[in-house]
Protein chains: 2
Amino acid sequence: MFRGQFTYSIDSKGRISIPAKLRRHVSAEANDTYMMIRGTSTCIDIYPLNEWLLFEAKLNKLNPFKPDEIRFIRTLLQHVAEDTLDSQSRILIPQILIEYAKIEKEVLILGALNKIEVWNPKIFEEYLKQSDETYEQIAAKVMS
Amino acid sequence: MFRGQFTYSIDSKGRISIPAKLRRHVSAEANDTYMMIRGTSTCIDIYPLNEWLLFEAKLNKLNPFKPDEIRFIRTLLQHVAEDTLDSQSRILIPQILIEYAKIEKEVLILGALNKIEVWNPKIFEEYLKQSDETYEQIAAKVMS
DNA sequence: CCAATTGTGGGGAAAAGTGGTGAATTTTCC
DNA sequence: GGAAAATTCACCACTTTTCCCCACAATTGG
């Protein structure tokens, strides 16, 4: 499972290193392959291939004859991209996802259980502020 | 279960020894791996891996497509870091946690049941003073 | 009192992160 | 259809960080 945050940078070609500490938790089944999609917030979600396949299996159980469900599937799959690590452990993020997540130079990489999220640090900060619950309250709920 | 307090020092690289007397209480399942996280007070909480996994299991049951629940996951995992003991039984504390806990040179290491807390000794002293109630009063309330 | 363990410090090799070059392929345009 | 331009992608190079190892004083325990 992925956890923790890392501040990295994206280069002029749109490449991002996958942090070594996250890479250690990627199964060998993933074959250094990652799937990228639009996040549900203003960020990019990155799944190792094996985790993606599990997620895809869930999508497959949806009913494509229900308007809501097919719309969800289409919206999601529209911007899926696949890439394999280069020799420096980086993946190339498609321009359209970079724009969607409003990413500039600095990126915040967040380990979030079965996926890795990529944020513009400023946007992530704003996102956290919007919450009613403080860190203390959330911690109290989970850690008790 | 962890108990007792120890005054140690953090070195210039941000490493802290885990006291031998606490280490004896760590399960072999933990694989010498510890998770560090922002404490709810001005301190750092350290969990052996196996203890931490209990919390993570709770997070795993949440639905990351529900805005409230993914927010919860992000807020918590943001402040988590992982490390394994080196050959001298030390772990490396990330700079961001050191700053959060306002740690300088001396640290107070506190065994606190299922976790280990790391404090700046001065801050811990202040924390104890801050309460209006005496030890006796608090004990009466909590233990009844 | 001696041997083993523990806590602290630091050097140096290896890994990690970042940036860039240039060949190969694809696309564009005349 | 073919040359020029643009894109892709496999490498190469450099700097910084990480982490593995050695060293040593202090403490503990028999």
Side-chain angles (χ1 to χ4, degrees), chain A residues 2-26 31-36 44 46 48 80-99 103-111 116-121, chain B residues 2-26 28 31-36 44 46 48-49 80-99 103-111 116-121:
Chain A
F2 303 119
R3 19 176 130 88
Q5 74 176 338
F6 308 85
T7 301
Y8 276 28
S9 59
I10 187 168
D11 70 16
S12 56
K13 295 182 183 177
R15 294 177 300 188
I16 295 181
S17 292
I18 304 291
K21 293 205 171 155
L22 296 182
R23 243 183 291 141
R24 291 197 189 106
H25 295 285
V26 175
N31 256 82
D32 286 348
T33 303
Y34 295 83
M35 307 296 297
M36 298 159 257
I44 302 167
I46 300 179
V80 180
E82 176 179 348
D83 197 20
T84 304
L85 292 187
D86 69 11
S87 52
Q88 271 75 245
S89 305
R90 292 175 292 197
I91 53 171
L92 184 70
I93 313 281
Q95 200 56 36
I96 194 163
L97 287 179
I98 292 177
E99 283 164 20
I103 282 169
E104 287 159 17
K105 181 66 190 157
E106 275 209 338
V107 292
L108 190 127
I109 301 176
L110 191 68
I116 296 170
E117 297 185 343
V118 180
W119 291 75
N120 176 331
Chain B
F2 302 119
R3 7 170 205 274
Q5 82 174 17
F6 309 85
T7 302
Y8 275 30
S9 60
I10 186 168
D11 69 18
S12 58
K13 293 182 181 177
R15 294 177 299 190
I16 295 182
S17 291
I18 304 292
K21 289 190 179 171
L22 297 182
R23 242 182 294 142
R24 292 198 189 98
H25 297 283
V26 175
N31 256 86
D32 286 347
T33 303
Y34 294 83
M35 306 297 307
M36 297 157 258
I44 301 166
I46 300 179
L49 178 59
V80 177
E82 175 180 351
D83 198 22
T84 304
L85 292 187
D86 68 11
S87 52
Q88 272 75 245
S89 306
R90 291 173 294 197
I91 53 171
L92 184 70
I93 313 281
Q95 200 56 37
I96 195 164
L97 286 178
I98 292 177
E99 283 164 19
I103 283 170
E104 287 158 16
K105 182 65 189 159
E106 275 209 339
V107 291
L108 188 98
I109 301 176
L110 214 59
I116 297 169
E117 295 185 347
V118 179
W119 290 76
N120 176 331

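Order of the sequence lines fixes the chain letters, A, B, ..., with proteins taken first and strands second; residue numbering starts at 1 for each chain.
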Report, one line per pair, each donor and acceptor closer than 3.5 Å where one atom sits in a side chain of residues 13-22 of chain B; sequence neighbours left out.
unit_1	atom_1	unit_2	atom_2	d
B:R15	NE	B:D11	OD2	2.7
B:R15	NH2	B:D11	OD2	3.0

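At least one donor-acceptor pair closer than 3.5 Å links the side chain of A:D83 to the backbone N or O of A:L92.
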Legend entry - Summary of protein contacts for nucleotides 25-30 of chain D, nucleotide by nucleotide, where a base hit scores B, a sugar-phosphate-only hit scores S (4.0 Å, heavy atoms): ------
Legend entry - Letter per nucleotide, 5' to 3', of nucleotides 10-16 of chain D [B base touched, S only sugar-phosphate touched, - untouched; heavy atoms, 4.0 Å]: BBBB---
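One interatomic measurement links the two molecules: CG of B:D32 to C1' of D:dC20, which rounds to 15 Å at whole-angstrom precision. If you take CZ of B:F6 and P of C:dT6, they are 12 Å apart, rounded to a whole angstrom. Between B:I109 atom CD1 and C:dT6 atom C1' the separation is 13 Å, expressed in whole Å. Remark: P of C:dT5 and CD1 of B:I18 are 19 Å apart, rounded to the nearest angstrom. Note: CG (A:L92) to P (C:dT18) measures 15 Å, nearest angstrom. Between B:L22 atom CG and C:dT6 atom P the separation is 12 Å, expressed in whole Å. Spacing between atom CG of B:D11 and atom C1' of D:dC19 amounts to 13 Å, rounded to whole angstrom units.
Take A:P94 and apply the side-chain contact (heavy atoms from CB on, under 4.5 Å) test, not counting sequence neighbours, and it matches A:M36, A:A81, A:I96, A:L97. Shown here are the side-chain hydrogen bond (donor to acceptor under 3.5 Å, both in side chains) partners of A:H25, two or more places apart in sequence or in another chain: B:E82. Annotation: side-chain contact (heavy atoms from CB on, under 4.5 Å) contacts of A:E99 (sequence neighbours excluded): A:Q95. A search for side-chain contact (heavy atoms from CB on, under 4.5 Å) contacts involving A:N31 returns A:T33, not counting sequence neighbours. Partners of A:S12 according to the side-chain contact (heavy atoms from CB on, under 4.5 Å) rule, which considers only residues two or more places apart in sequence or in another chain, do not exist here. A:D32 meets the salt bridge (charged side-chain N to carboxylate O under 4.0 Å, His left out) test with no other residue; sequence neighbours excluded.
Listed nucleotides C:dG10, C:dT18, C:dT8 differ in distance to A:S17; the shortest reach to its side chain belongs to C:dT18.
Of all non-hydrogen atoms in A:L108 and A:Q5, the two that sit nearest each other are CD1-OE1, 3.5 Å.
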